[in-house]
Each structure stands twice: as structure tokens, then as C-alpha cells.
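To start, the structure itself, in C-alpha cells.
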Amino acid sequence: MRRSSALFRSSLMLLLVDPLFYAATVATVLFCSFRFFLAGKFFVEGAGTTDLRQLFQSVPFISIATVPLIVFRLRRFICDDSLPVAPAKRFAVIIAAALSAFSVPVLMLVSVPVCVSSFGDVDVGQAAAGFSGVILYGLLASSLSVFLFAAFPSVPAIPLLVSMAVLAAVDFIHIVPLYVPLGSALSFAMRKISFAWHFDSFGKGIADSRDISFYLISSALFVVMSVVAERRRTGRRGGRAALLVALASLSLLAFSAERSYFRADMTASRRHSLSDATRSLVSLLGSPLRITYYRSRELSELYPQASEVADFLLEFSSLSPLVTLEVVDADAGRLSGLGVQGQQLERNTGTKIELVTVYSAVVMQHLDRQSIIPYVLSTDTLEYDLAQRVKQLVSGSARRVAVFVGNGRDCGESYSYVAPFLASRGFMPEIVGGGEAERAISSLGSGDSLLVLGSSEMTFAQGQAVAGAISRGVPSFIATSPYSVPVETEWTVSRADDDPLIPVLNSLGFAFVPALVEDLSCFPVSMQSGEGNSAEFVTLNYPLWLSLMPQPAAVRGMTLFWASPLALYGGAVPLLRSSPYSWLQRDGAPFITDPFALQGATSGGDYEPYVVAAEKMTETERVCVVADQHFVSSLMTGFISGGNSVDFRNFDFLCTRLLRLNGEDALADMLDRTRPATSLHKISDAEEFGSERRRTLAIHFVFLPLAAALPFAAICAKRRRKQ
């Protein structure tokens with residue numbers, strides 16, 4: 001042990017006086033910080049996220065160069081078989097020294113989640129799992145590099161370049177099947193040896209024993225291979241039996257790790273684990289529940305998420321002996337008969353880009369009932385999808401929601417996302433309108449739900465029908481206000497004085513203040529400034545589009561448009577509030593809605609938050625009111641969505657409130673915990689945000705690189721004084 005300890009200390013001292021170690025440390029800090037904060041657009045409005053996966057995924061990229069450089073400095077100990085330390089111990093000590101050097105910049109990067117926590121909520125469990133995975137990756141990368149230096153000892157440049165090439169290959173080899181058609185066996189082998197494939201779960205906050213075993217067993221295997229390489233180089237004989245036993249033991253361990261494993265969800269909300277509510281629902285099963293997961297072979301070969309879905313379904317089936325799971329290759333003909341359509345993915349074959357149709361469908365059968373999840377490639381909402389279907393299969397009832405648009409717009413055009421989104425969350429939306437609206441609303445029972453979008457064009461009879469439904473205990477979600485905006489043509493605000501639903505809501509405890517809420521925490525809009533050749537698009541903060549911070553009722557925040565404040569009484573309680581930096585634009589003169597005219601607008605007095613959504617839950621009345629009839633409008637959703645994704649946060653709020661109005665709080669909690677708050681919501685003041693941004697950039701691009709380089713400068717100065 002003393003000799004091994006002396007070798008470890010000598011290895012560290014060798015690194016401490018070598019400029020390559022400090023260069024690798026500075027490069028790692030700068031590269032990872034650049035990718036997370038700048039390339040990841042952390043400080044850009046609407047793009048910044050507290051999800052740390054981008055940080056963790058950056059480390060393997062830069063490690064392709066830094067780990068071989070660190071091991072390169074230790075090559076004299078790798079190739080020196082005259083040291084009085086057994087070969088296996090010697091290689092293990094050198095790997096430990098390289099891992100220690102690798103860990104220095106990784107530990108410095110802990111400052112990233114610390115600084116990010118000033119802007120938003122950081123999941124400590126995800127951070128712990130991610131950094132643990134990074135350390136395991138560093139162990140395996142160091143072991144691989146040590147083996148290659150032991151295998152090619154003659155010319156130092158050869159193992160250095162080979163190590164970089166091999167690390168690059170094993171980091172990205174799992175994506176080769178995306179571009180080159182390969183057989184199942186070869187694709188499976190590429191996934192199994194890919195370092196990055198096994199790192200995917202750690203970045204999400206999951207500690208999977210199979211991934212941990214892969215890193216540990218593979219590292220031990222490279223130690224054994226290093227010993228074999230040295231024996232071949234020195235011509236030693238003997239010890240083959242011990243090496244064969246070691247290889248056989250490692251193979252047996254790897255086989256056992258794949259067969260018997262555990263998955264520890266380290267996220268704060270346990271969003272990758274099954275909840276007690278799901279266990280309670282499964283316990284209600286009195287007859288067998290059969291789950292069949294139809295998965296295309298191409299999909300399982302290309303994406304680790306497909307394996308995660310299968311693992312999650314396996315965990316779900318283990319809750320009860322009445323639940324059985326079968327994972328089968330997707331059959332297009334059978335799935336087409338079930339009404340399941342495939343999804344098309346692009347595959348680059350090198351000479352052309354072709355579309356591949358893949359399936360990932362879950363079919364659940366209980367007695368004579370059947371429910372289908374048509375496409376799933378993520379475990380984000382899988383627990384909710386399974387649990388709510390189990391509840392429907394056992395009870396035999398469906399969540400019927402009558403959707404009534406009362407502002408004169410067409411639901412299929414102006415609110416085109418509403419019905420499909422509700423259907424995807426297990427509701428049965430039924431569009432009611434025209435002359436049948438009054439009769440349809442009057443026929444609703446307490447087992448149904450009502451969704452009202454706008455009320456300015458309602459007839460008096462329709463308003464009374466809605467009031468009657470509320471009084472009968474029908475769970476009702478109402479999105480309306482005294483003001484309407486023709487969003488399709490212009491942004492002028494007008495008041496509907498003869499709205500028949502507003503007095504009904506007033507009588508229930510929801511009074512609308514004659515004003516519009518403006519907020520410093522708002523959504524930016526892009527507008528054209530100037531005309532002709534001088535025209536240009538500029539981005540302006542629009543105070544009338546409220547960017548609501550994460551709140552218990554909206555865990556990821558929301559966006560509301562031209563919302564009116566609510567004054568509550570009679571048992572109504574607030575759900576959503578604007579930020580503390582909001583004020584009112586009072587009714588009187590025409591409302592100012594021009595984004596250019598509103599630039600620099602302030603309250604002129606004190607700021608305060610205002611209630612913009614509220615609900616009333618009593619034995620006889622279950623109603624939720626949002627003071628914005630456009631919050632799930634297709635056009636407005638398009639305005640706030642990015643180029644490659646749709647912002648469905650408002651729709652998530654709609655679904656969770658409908659569930660809670662219906663008394664299904666456990667299912668609503670499942671949806672909320674799978675949607676963690678990752679927005680930068682803690683700082684709404686622009687000046688404070690800029691100050692914190694400058695501090696964060698200074699720490700990661702000035703202070704940390706200097707802290708990594710100063711020890712080497714001190715060592716060089718000390719050497720000069722001695723000379």
C-alpha cells in the first residue's frame with residue numbers, strides 16, 4: 001500500500017508541474033461554460049432553462065481531447081514495468097491519478113448550478129446524478145486511454161491520437177445507425193459500447209445500476225487488458241490463468257448486471273418513479289390487465305428513450321400480479337387495424353435522406369375494454385397516461401367535456417389545439433354550439449365537465465344554461481373577461497357591455513376590475529418598424545402579455561393576453577397572480593395597445609401583483625375562472641411558441657384544473673410533477689437580471705480560468721527563484 005500511495009503521489013506531482021494539466025482544466029471550464037450559457041442561450045428570454053443536461057453532455061465532448069492529454073503526461077509510469085508495484089495495481093493507481101486530475105474542472109463546474117439557482121429552480125437530485133455520471137465517465141475514459149498507452153508504448157504520439165479517435169468513436173457510435181442501415185445485432189452492440197448512451201439516464205437524474213455496472217466493469221476490463229498488453233510487450237509468461245479468471249468474472253458480472261438491476265430516481269419530484277396514487281389505482285384491479293408495447297425495431301436501435309419506456313412499463317407491471325407486459329415488434333398491419341398511425345423519422349444513409357415509419361404504441365386490455373396510447377417516446381407523462389387509462393378501464397366511464405366557444409369564433413379554427421390536446425390527456429371533448437348549445441349545456445350532469453371560451457357573443461339563454469350547469473355542480477372552467485380583442489385583425493380592446501355571463505360570475509364571487517393588467521414580466525413580440533427600405537423587425541417587451549412566473553397552480557408558469565384583474569369574495573380563492581412588478585391600465589379612454597407606444601410604460605406609482613385566475617370549490621359549485629379568453633387560442637399559442645416546439649403550458653394548466661374540478665387531484669399531481677419549473681423566474685427586474693448575468697459570466701469566463709491557471713504560475717515563479 002505504501003508503494004501504491006507513493007506512486008499515486010508521484011503521479012499527482014507530475015501533473016501539478018505540467019502545463020497540459022492546467023490547459024486541460026481551463027479548456028474544460030471554458031468549453032462547458034460556453035456551451036451551457038452562451039451556445040445554450042441561457043440568458044435569452046424564453047430560451048433559458050435550469051435543466052443541466054446541456055452542461056453534463058458537454059463534458060464528454062471536451063474529454064475527447066483532455067483525458068488523453070492527462071494520461072499522456074503519465075506515460076512514463078504506464079510503460080515503466082520496473083516499478084516495485086504489481087502491474088494491475090500500477091495501472092489502477094495511474095487511472096486514479098488521471099481521474100483525480102479529470103475531477104478538478106468537474107468540481108469547479110459545480111459553480112454552474114449554484115449560479116443557475118439565482119435565476120430559477122435547480123433540481124439538486126438531477127445535479128448529483130449528473131455529476132456522478134460525469135465522474136464515472138471520466139473513470140472509463142481514463143481506463144481506456146491508459147490501456148491504449150500500454151498497448152502502443154513505442155511512439156507517444158500514436159496512443160495519444162488513437163485515444164482521441166477511440167474516445168470520439170465510443171461517444172458517438174450509437175448514432176451511426178441513424179445514418180447507416182445496420183443489422184439488429186450490430187446496432188445492439190454499438191449501443192452497448194457507447195459511453196454517451198449509458199450516460200443519458202444520469203443527465204435526467206436517474207441512477208441506473210446497469211449504467212453504473214457498465215462504467216465500473218468496463219474500467220476493470222481495461223485494467224486487465226493493460227496487464228495483458230504489458231505481458232505481451234515484455235514477453236512474460238505465466239499468470240494466464242489469473243487473467244482468464246478475471247475476464248470470466250467480469251463477463252459474469254456484466255451478464256448479472258443486465259439481468260438484475262435497479263433504477264433510482266434522484267429528482268426532487270420523483271418524476272421518473274411511480275407514485276402512491278398509481279399503486280392505489282392498480283390495486284383496484286379485480287381482473288387481469290394486459291399491456292402490450294408495440295415497438296419498431298428501428299426505434300429501439302436508435303433511441304435510448306425506447307428502452308426507458310420499456311423499463312417504465314416493466315416497473316408498472318410489477319405493481320400487481322394481475323398486470324402482464326409483453327414487448328413485441330410492431331406490426332404495421334395489426335396497428336393500422338387498431339387505428340394507430342406510425343410516425344416518420346429521418347434517416348441519412350450517406351447518399352440520401354429517407355423517411356422511416358416507426359411505431360411506439362401501448363395497448364391496454366381489461367375485460368372487454370381496451371385503451372391505446374398511440375405513440376410514446378418519453379416517460380415524461382407516461383405514468384399519467386397509464387394511470388388515467390387504468391381508472392377509466394376499471395370504472396368504465398369517460399371524462400366528457402363540453403366545449404362551448406361563446407365569443408363568436410369557430411372552435412375548429414380559433415381554438416384548434418383544444419380538442420386534440422384534451423383527447424391526448426384522456427378527456428372526451430364534445431364541441432357544442434349553434435342552436436343546440438343551450439340544450440347540450442342544460443343536459444350536462446355532475447359527471448360531465450364544461451369548458452367555456454369567451455362569452456361576449458352569448459345569448460341570454462346560453463348564459464342562463466351555463467349558470468344552471470354551475471348550480472347543478474357541473475365542474476366548469478370559464479375563460480372570459482369583459483373585454484375582447486379581434487386578434488386576427490388588430491389589437492384594439494373593446495368592452496362587451498351586454499355580456500350575459502359576467503353578471504353570473506359576479507354573483508359567484510368573481511368580479512372583474514375595469515382595467516387591464518400590465519407587467520414588467522411580459523412576453524416580447526417582434527414588430528416591423530419603419531416602411532420601405534428602412535423597414536426592420538425589432539423585439540419589444542409587451543406589458544399586456546403577462547409572463548406569469550411558476551406558481552403552485554402553474555408549475556412551469558404561463559402566458560396570458562390582455563387579462564383583467566379579478567376581485568374575489570364569497571369563497572372564491574386566487575389561483576394565478578401577476579408578478580409584484582405589475583400595474584393597471586384603467587378603463588376610461590381607449591386602451592393603449594400599440595407595442596411601440598407602451599415601451600417604457602410604468603405604473604407611475606406602486607407596483608403590486610393582481611389576481612388573474614381564481615376558483616371556487618364548494619359542495620354545490622366547482623368553477624374556475626381565467627380572465628383571458630385567448631389563453632388557449634391557436635393564433636396566440638403560435639405567437640409565444642418557438643420555431644421547433646409549441647408552448648403548451650397554458651394547455652397543461654387547463655387540463656390540471658379540469659382534473660381538480662372533477663376531484664381527480666392525484667392525477668393532476670402526476671401531470672404537475674412531470675413538468676418541473678425550468679424557466680428563469682426568480683429575477684423579473686431587467687437591471688437585476690443584467691447584473692446577475694455579468695456576475696455569472698465573470699465567474700465562469702474570468703475567475704475560474706484564472707483560479708485554474710494561477711497555481712501553475714505560482715509553481716513557475718517558485719522554480720525561477722530556486723534557479
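When a residue number appears, it is its place in the shown sequence, counting from 1.
The backbone N or O of Leu30 sits nowhere less than 3.5 Å from a side-chain atom of Ser33 that would complete a donor-acceptor pair. In terms of modelled atom types and a separation under 3.5 Å, the side chain of Ser117 and the main chain of Val114 share a donor-acceptor contact. At least one donor-acceptor pair under 3.5 Å links the side chain of Ser641 to the backbone N or O of Asp647. Remark: side-chain polar atoms of Ser58 are not paired, donor with acceptor, to backbone N or O of Arg35 under 3.5 angstrom. The backbone N or O of Asp121 sits less than 3.5 Å from a side-chain atom of Thr50, completing a donor-acceptor pair. Side chain of Ser218 to main chain of Tyr215: no donor-acceptor pair is present (N/O by atom type, distance under 3.5 Å, no hydrogens or angles). Listed for the Gln126 side chain is a donor-acceptor partner under 3.5 Å among the backbone atoms of Gly203.
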Assess whether side chain to side chain donor-acceptor pair (under 3.5 Å) is satisfied between Arg9 and Ser5, documenting all intermediate values. CA-CA 6 Å; Arg9 290 195 302 270; Ser5 178; 2.7 Å; yes

Working for ring-ring contact (aromatic ring centres under 6.0 Å, His included), residues Phe42 and Phe36: CA-CA 7 Å; Phe42 179 80; Phe36 184 81; 5.5 Å; yes

Applying side chain to side chain contact (heavy atoms under 4.5 Å, CB included), run through Phe77 and Val93 and close with a yes or a no. CA-CA 10 Å; Phe77 295 138; Val93 168; over 6 Å; no

Just do the side chain to side chain contact (heavy atoms under 4.5 Å, CB included) check on Val376 and Asp385 with the steps written out, would you? CA-CA 10 Å; Val376 55; Asp385 292 332; 5.6 Å; no

Walk me through whether Ser296 and Asp329 qualify under side chain to side chain contact (heavy atoms under 4.5 Å, CB included). CA-CA 6 Å; Ser296 295; Asp329 290 337; over 6 Å; no

Evaluate the criterion side chain to side chain contact (heavy atoms under 4.5 Å, CB included) for residue pair Ser118 and Arg695; output intermediate values, then yes/no. CA-CA 11 Å; Ser118 300; Arg695 186 179 72 91; 3.7 Å; yes

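Rounding to the nearest 0.5 Å gives a distance of 11.5 Å between NZ of Lys41 and CD of Gln54. The distance from atom CG of Leu313 to atom CG of Leu382, rounded to the nearest 0.5 Å, is 5.5 Å. Between the CD1 atom of Ile212 and the CZ atom of Arg210 there is a distance of 11.0 Å, given to the nearest 0.5 Å. Distance check: Ile70 CD1 to Leu99 CG gives 9.5 Å after rounding to the nearest 0.5 Å. Note that the OG1 atom of Thr25 and the CG atom of Leu704 stand 11.5 Å from one another [nearest 0.5 Å]. Considering CD1 of Ile291 and CG of Leu386, their distance stands at 6.0 Å, rounded to 0.5 Å.
With a 4.5 Å cut-off on side-chain heavy atoms, Ile206 and Met266 do not count as touching. Counting heavy atoms from C-beta on, the side chains of Phe91 and Glu230 come closer than 4.5 Å. Side-chain contact between Val555 and Pro550: absent, with no pair of heavy atoms (C-beta onward) separated by less than 4.5 Å. Put simply, the side chain of Val71 does not reach to within 4.5 Å of the side chain of Phe102, judged on heavy atoms. The shortest distance between side-chain heavy atoms of Val146 and Phe222 does not fall below 4.5 Å. Between Phe21 and Val104, some side-chain heavy-atom pair lies under the 4.5 Å cut-off. The shortest side-chain heavy-atom distance between Ser163 and Leu144 does not fall under the 4.5 Å cut-off. At least one side-chain heavy atom of Cys115 sits less than 4.5 Å from a side-chain heavy atom of His700.
The shortest non-hydrogen separation linking Phe119 to Glu692 is CZ-CG, 3.3 Å. Looking at every heavy atom in both residues, Leu15 comes nearest to Ala101 through CD1-CB, 3.7 Å. Between Ala708 and Tyr22 the shortest heavy-atom distance is O-CD2, 3.0 Å. Closest approach of Ile62 to Cys32, counting heavy atoms only: CG2-SG, 4.3 Å. Of all the heavy atoms in Ser145 and Leu167, the pair that sits closest is OG-CD1, 4.1 Å. Closest non-hydrogen pair, Ala168 versus Ile64, comes out as CA-CD1, 3.7 Å.
Taking a 6.0 Å sphere around CZ of Phe701, one finds it holds more than 12 heavy atoms contributed by other residues, nucleotides or ligands. Summarising the local packing, CZ of Arg76 is surrounded by 12 or fewer heavy atoms from other residues, nucleotides or ligands at distances under 6.0 Å.
Partner of Phe56 under the ring pair (Phe, Tyr, Trp, His ring centres under 6.0 Å) criterion, chosen from Phe202, Phe61, Phe131: Phe131. Remark: of the listed residues Tyr293, Tyr375, Tyr294, Tyr293 is the sole one forming a side-chain contact (heavy atoms from CB on, under 4.5 Å) with Val362.
The side-chain tip of Arg295 does not point at the ring of Tyr359 from less than 6.0 angstrom away and within 45° of straight on. Geometrically, Arg75 engages Phe72 in a cation-pi contact defined by less than 6.0 Å to the ring centre and at most 45° from the axis.
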